[in-house]
Amino acid sequence: MKVLGHRLQLLTGLLLHDVTMAGLQELRFPEEKPLLRGQDVTELDNPDTFLSVVDTDWKEHDIETPYGLLHVVIRGSPKGNRPAILTYHDVGLNHKLCFNTFFNFEDMQEITKHFVVCHVDAPGQQVGASQFPQGYQFPSMEQLAAMLPSVVQHFGFKYVIGIGVGAGAYVLAKFALIFPDLVEGLVLMNIDPNGKGWIDWAATKLSGLTSTLPDTVLSHLFSQEELVNNTELVQNYRQQISNVVNQANLQLFWNMYNSRRDLDINRPGTVPNAKTLRCPVMLVVGDNAPAEDGVVECNSKLDPTTTTFLKMADSGGLPQVTQPGKLTEAFKYFLQGMGYIAHLKDRRLSGGAVPSASMTRLARSRTASLTSASSVDGSRPQPCAHSESSEAMGQVNHTMEVSC
């Protein structure tokens, strides 16, 4: 199947083909948690403005945790049993630089206005943060994850759906491993489950001696091809990283991220008492991203019955910035898979709401599962080819490979 053309039509067809090939049945649950239809969100004049303020309903909080204060911005209030959407940004960024373009996207706002949204800034990375005093010990990656239950408790969330990028994806994955009952689902972009080896550590140190900190961080965020060819986007981020994020605080976060340990996960059945993420996970990476190998390896270590892999064409290291529309569409399906969307709205095709019965239904209960976007052997995903053979229908290895 060629993954070309209109986002919604082809993504829907792609998911339907793969679910058929995997031999899955549509699941219906008596209790659905629909997103209510609402009025259209006014289209943003310039959604790519990094620090634009679109909604005055955002409230800032400094929350006390066992490892220091954590800056959080939140919009909305808990809505019944519906989880909060909680984000964590990559190193070198903050919630505005990392997520503004994505969350300001019109179709994404159509989703998030029905959820409480909580953006977490890593310590000292928020806009206007004071520099940490000399000798300050930045929290480890495990401690950053252990700070999040204080956020959940402070706002009275029952559980969250996490959206993380890079270092933030690692923190949220660690959070889900330590506190699985607090996490309903995860969208992990550019996650690298591996700690730095000696060679990588030495290369990072050498890079730090020969490059400025913003340039070193840019090589983490963008591929070499992007650094050369997508000069306008890279220059914008170089300027923002240099001027918006406190450089001393950023250096501490960067050092801690590069000293992280391997994420202690293994595919169930591969090793005794294997640890894995128990919630549904959507892994996302651009087809021209420096994190591609790490994301593929992470996929090979997760439970194939609860993991979906999304490899985004024409996208580099920041798919939430360069392809917010495609990512929003995928996020809709991810929420639908957890039973939170009864109707998907697409004004371009139907002029109204599209009943979920006509879409791919990947709905689940707390124990039901999604399909995997990578084969059990963890090989690099290839564009999927639909097969209607009875042999394919009977495969135990439920595989869903999604490229868009």
Side-chain angles (χ1 to χ4, degrees), residues 44-63 68-75 86-105 108 117-134 136 138-139 144 147 151 163-172 189-190 207-208 211-222 226-227 230-258 290-291 316-322 324:
L44 300 173
D45 292 332
N46 185 10
D48 292 326
T49 302
F50 292 117
L51 302 178
S52 62
V53 178
V54 177
D55 197 325
T56 58
D57 292 337
W58 292 101
K59 306 297 182 184
E60 296 191 47
H61 299 263
D62 288 313
I63 298 175
L69 289 177
L70 202 56
H71 181 263
V72 173
V73 296
I74 186 171
R75 181 179 63 186
L86 184 146
T87 74
Y88 212 113
H89 59 86
D90 202 354
V91 65
L93 308 176
N94 51 47
H95 81 272
K96 291 185 176 182
L97 295 176
C98 192
F99 292 112
N100 258 20
T101 299
F102 181 44
F103 278 84
N104 288 348
F105 189 73
M108 186 62 179
V117 178
C118 179
H119 293 304
V120 176
D121 286 317
Q125 311 303 303
Q126 70 269 24
V127 176
S130 300
Q131 184 169 318
F132 289 125
Q134 188 73 22
Y136 171 80
F138 196 87
L144 291 176
M147 298 170 83
V151 177
I163 303 178
V165 181
Y170 182 99
V171 170
L172 289 181
M189 291 178 264
N190 299 336
S207 176
S211 304
T212 65
L213 180 58
D215 285 333
T216 301
V217 171
L218 286 172
S219 66
H220 161 75
L221 299 174
F222 299 100
E226 287 180 292
L227 292 174
N230 201 352
T231 55
E232 183 176 357
L233 180 65
V234 172
Q235 277 298 112
N236 282 336
Y237 268 91
R238 178 182 284 108
Q239 180 179 357
Q240 297 294 336
I241 292 169
S242 300
N243 298 333
V244 173
V245 183
N246 183 285
Q247 298 298 287
N249 297 352
L250 170 56
Q251 184 70 66
L252 294 175
F253 188 17
W254 176 250
N255 292 344
M256 191 56 69
Y257 177 64
N258 285 308
L318 296 178
Q320 78 278 17
V321 174
T322 58

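Values reported hereafter were calculated over all heavy atoms of this structure, with side chains retained and with hydrogens, waters and symmetry mates removed. Numbers here simply count residues along the sequence, with the first being 1.
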Are the side chain of [X] and the backbone N or O of [Y] linked by a donor-acceptor pair below 3.5 Å?
X: Q240; Y: V245; answer: no
X: N190; Y: V165; answer: no
X: E60; Y: H71; answer: no
X: Q251; Y: N249; answer: no
X: E226; Y: G317; answer: yes
X: Y237; Y: L97; answer: yes
X: S219; Y: T216; answer: yes

Which atom of [X] lies closest to which atom of [Y], heavy atoms considered:
X: P139; Y: M147; answer: CG-SD, 4.3 Å
X: P123; Y: F138; answer: O-CE1, 3.3 Å
X: G166; Y: Y257; answer: C-OH, 4.4 Å
X: V91; Y: L221; answer: O-CD2, 3.9 Å
X: W254; Y: L213; answer: CD1-CD1, 4.2 Å
X: H95; Y: D121; answer: N-OD1, 2.8 Å

Taking the side chain as every heavy atom from C-beta outward, state whether [X] and [Y] have any atom pair closer than 4.5 Å.
X: F99; Y: L93; result: no
X: Q239; Y: P214; result: no
X: L252; Y: F132; result: yes
X: C118; Y: T87; result: no
X: L250; Y: I241; result: yes

Please round to the nearest 0.5 Å and tell me the distance separating atom [atom1] of [X] and atom [atom2] of [Y].
X: M256; Y: L144; atom1: CE; atom2: CG; result: 8.0 Å
X: Q125; Y: C98; atom1: CD; atom2: SG; result: 12.0 Å
X: T101; Y: M108; atom1: OG1; atom2: CE; result: 12.5 Å
X: Q320; Y: F105; atom1: CD; atom2: CZ; result: 13.5 Å
X: F102; Y: I163; atom1: CZ; atom2: CD1; result: 5.0 Å
X: D57; Y: K59; atom1: CG; atom2: NZ; result: 6.5 Å

Open item on the list: Just by distance, no angles: are the side chains of E232 and N236 close enough, under 3.5 Å, to form a donor-acceptor pair?
Closed with: no
- [ ] Decide whether N94 and H89 meet the rule of one side-chain donor and one side-chain acceptor closer than 3.5 Å.
- [x] no
TODO: Check the pair L172, L86 against side chain to side chain contact (heavy atoms under 4.5 Å, CB included), reporting the backbone distance first and the verdict last.
DONE: CA-CA 9 Å; L172 289 181; L86 184 146; 3.7 Å; yes
